[in-house]
Amino acid sequence: MTSEASPPPGPWQQALRGLVRNRAAMISLAVLGLITLSCLLAPLYARDIARTDPFTSNVAGSITLEGHDVDIMQPNDNPLHLGLSPIGPTGHAVYLLGADSQGRDVAARLLYGGRNSLLISACAAVLCLLLAAIAGIAAGFFGGLVDTVLSRLMDIMWLCRFICSPFRSPSSRSVRG
Amino acid sequence: MQKRSFYVGYMLASLMAAACPLSHSHAESTSPAAHFATATASEAHMGGTLRLAAQNSGGTLDPQVSYISLIKQLETPVYDGLLAFPKFYGPAAQHVIANLAETVPQPEDGGRTYRFILRPNLRFSDGQPLTVEDAAASFRRLFKVGSPTAGPYYSHIIGADACLHDPAHCTLAGGIETDAATRTLTFHLTEPDAEFPERLAWFHAAILPASTPPHDTGNTAPPGTGPYRVTHYDPATGMVLDRNPYFQEWAHDAQPAGYPDRIDVTFGLDPEGEITAIENGQYDVMYEDVPLDRLGEVGSRYAQQVQIYTLLLYYYAALNVQIPPFQSLKARQALNYAINRHAMVIYHGGEAVAAPLCQLLPQGAPGYEPACAYTKGASPTHPLPHWQAPDLAEARRLVRESGTAGQKVTIVAPLEGRYAAMAMELRSTLASLGYDATVRSMTQTVQFSYVQNSDNHVQLALTGWNADYPSASSFLQTLFACASFRPHSDNSPNMSAFCNPDTDALMTRAATAALTSPEESAQDWAEVDRALMAEAPAVPLVQIKRVRLLSKRTRNAIVTLNDEILLSQLQVQ
């Protein structure tokens, strides 16, 4: 009598299981998710929490902290009273991380800046995947000379990375279509 | 500036300095270092090399052409006029004194004739003797080289009109008489000019050899009479001033002998680099103001090496009244209402070094009467004494009524220093009023000429002005009189291209009144100021003080009304 063995997990399942078991990866994923969510909510934060326009200079502005009006640009404490400095971290929702030299909310600008960084990173990753997929499919479909040329090109690319990187990996890899 | 932008820096300095009998003190040093740095006679140190750092060269060295404050400051110990503004600080420094001339003459013929006697035994730095013919030729050359102040300052000399129309054949016939035997030089004016002595003390009235070519000498400095001569100049790298071997001090208060043997100027450092270099002892003086982000550091760690001095220097936005959108009076008034002058103060380092300005005569200038027409709660007919806050609602209403909303506006601003921040503030303000505003930045030296030339169709020029000498006319007439607008010329200080015959008539009345009643003249100039602001050909922004850092080894910083820090008087240990 033979028992019917359950089918082996597919590659996606294996990858997912590997990922879930990797604690560092899961923590990183959570942090990335948090960052992404925060950045996506940047307009909401600027409008409803910080109540500031992070793109407009506000050197002449003031904010209310614990019932007191506080200038965003604070006079420097020196004998000649020279210069002003932007307000530092307030610990409040308004100007949580302080102001920059233009009197803008650093926290709000950080979130907006994060959106750009994430967008650029995502675009780079997607572009990479697309190009790699096209190259791999072409090499596999046409084989022969195309496969050889693409494979050698990939070898060269990996080689460049190996030579240029200050942290050389112990072994180089090749990619075959 | 600039000159006038830069000059603005310079003008401001000059204005403060240009002494008018009505004016109060101008260059008031507020730094504790002002006294700390002044050495007594027994401590005086002759010799050494004074090292000055500047971001850019100032262009031409021709003293009758240059209108750049850096060049004026560098060439103050190189050239002399018949008269001079005193080279010391204090209330007595407000009035012109004799320099190459033996005395300040009393005007004759109802103010139409001035008779000067040259001091004997004067020589140029190339050894040539200075004669009355050199002096006369220098005034003819003013017109031949197209000096920017030839028209505004010297057009009252008989024959000047012909010179302005045909500079190449300028003779000033009937306007200047010379008598070599008695060393007498006589000026005849078409009409009395209350400010003629101040204008003879102005930098452009430098006396040069009669053989000086009748064109801009560019990178070559003609021989002068002061304690130094320019021995090297490369606009890309630097400039060197060495002692004039033929100089002998004739009037200490007018042109004192210098302390350092050599003044070495390096171009190319930005203000941040200049500050660091001075802190490290690599340079002694910086030309530019201390950058905003270094003010705190300088004020706390180098307070004893700081010089702060008040000047009649302000920054403003010139609005071209001949092209859209500022052809419209309402558009011009709207921008005046909308601009946040408090922000402009902050961009210059706060209230210790700047004050909001909303009129065209700065505080301290003769004729200044506080009147802010464009602030919340005020209007041209009901001005308030001081600026309070922007009035965006009124500004937007005016823009709507002008029908100019949505138009493109290009702000042409210098790259340097705080201009960038001011330009961005202007851009934001224009955007908030519904304009499509952009900033075009260029090197200050280039920008100052560029914005003056009407061929460039500049809509809004961000610039500064430093009076040539302390008088209302140095601001109002020079910047807004019809005669100051010269189409197609790089020397057209009326950057707004503003010309109103009624306002011109008011200016003439104010200038004429100065001959008989300085008080009445001051009131007239205040009226001119208000009349101009009602027309809003410019947006006054901020009046500032200069903040400069000197090296530890530098002593004897003397700040004058007209010349800022006297480089020749700095002592280096």
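Just so it is clear, the structure is predicted and the values come from calculations on it, not from any experiment. So you know, we letter chains A, B, ... as the sequences are listed, proteins then strands, and number each from 1.
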Inset, instruction - Count the heavy atoms belonging to other residues, nucleotides or ligands that lie under 6.0 Å from CG of A:Asp77, then report whether that count exceeds 12. - result: no
Inset, instruction - For residues B:Tyr347 and A:Ser57, determine if any side-chain heavy atom of one lies less than 4.5 Å from a side-chain heavy atom of the other. - result: yes
Inset, instruction - Would you give the length of the straight line joining atom CD of B:Glu351 to atom CG of A:Leu84, rounded to the nearest 0.5 angstrom? - result: 8.5 Å
Inset, instruction - Measure the spacing between CD of A:Gln102 and OG of B:Ser428 and express it to the nearest 0.5 Å. - result: 8.5 Å
Legend entry - A:His92, NE2: over 12 other non-hydrogen atoms inside 6.0 angstrom: yes
Inset, instruction - Check A:His81 against B:Ala352 and note the closest heavy-atom contact, atom names and distance. - result: O-CB, 3.0 Å
Legend entry - chain A contact via B:Val547 - side chain, backbone, both or neither, heavy atoms under 4.5 Å: side chain
Inset, instruction - Could you have a look at B:Gly296, B:Ala354, B:Ser432 and say which one has the most heavy-atom pairs with chain A under 4.5 angstrom? - result: B:Gly296
Inset, instruction - Would you mind checking which part of A:Pro79 comes under 4.5 Å of any heavy atom in chain B, side chain (CB onward), backbone (N, CA, C, O), both or neither? - result: both
Legend entry - Pair B:Ile308-A:Leu82, side chain to side chain contact (heavy atoms under 4.5 Å, CB included): steps then yes or no: CA-CA 10 Å; B:Ile308 305 173; A:Leu82 285 178; 3.9 Å; yes
Legend entry - Atom of A:Val59, atom of B:Ala343 and distance for their closest heavy-atom approach: CG2-CB, 3.6 Å
Inset, instruction - Rounded to the nearest 0.5 Å, what's the gap from CG on A:Asn78 to CZ on B:Arg301? Could you check? - result: 12.5 Å
Legend entry - More than 12 heavy atoms of other groups within 6.0 Å of B:Arg397 CZ: yes
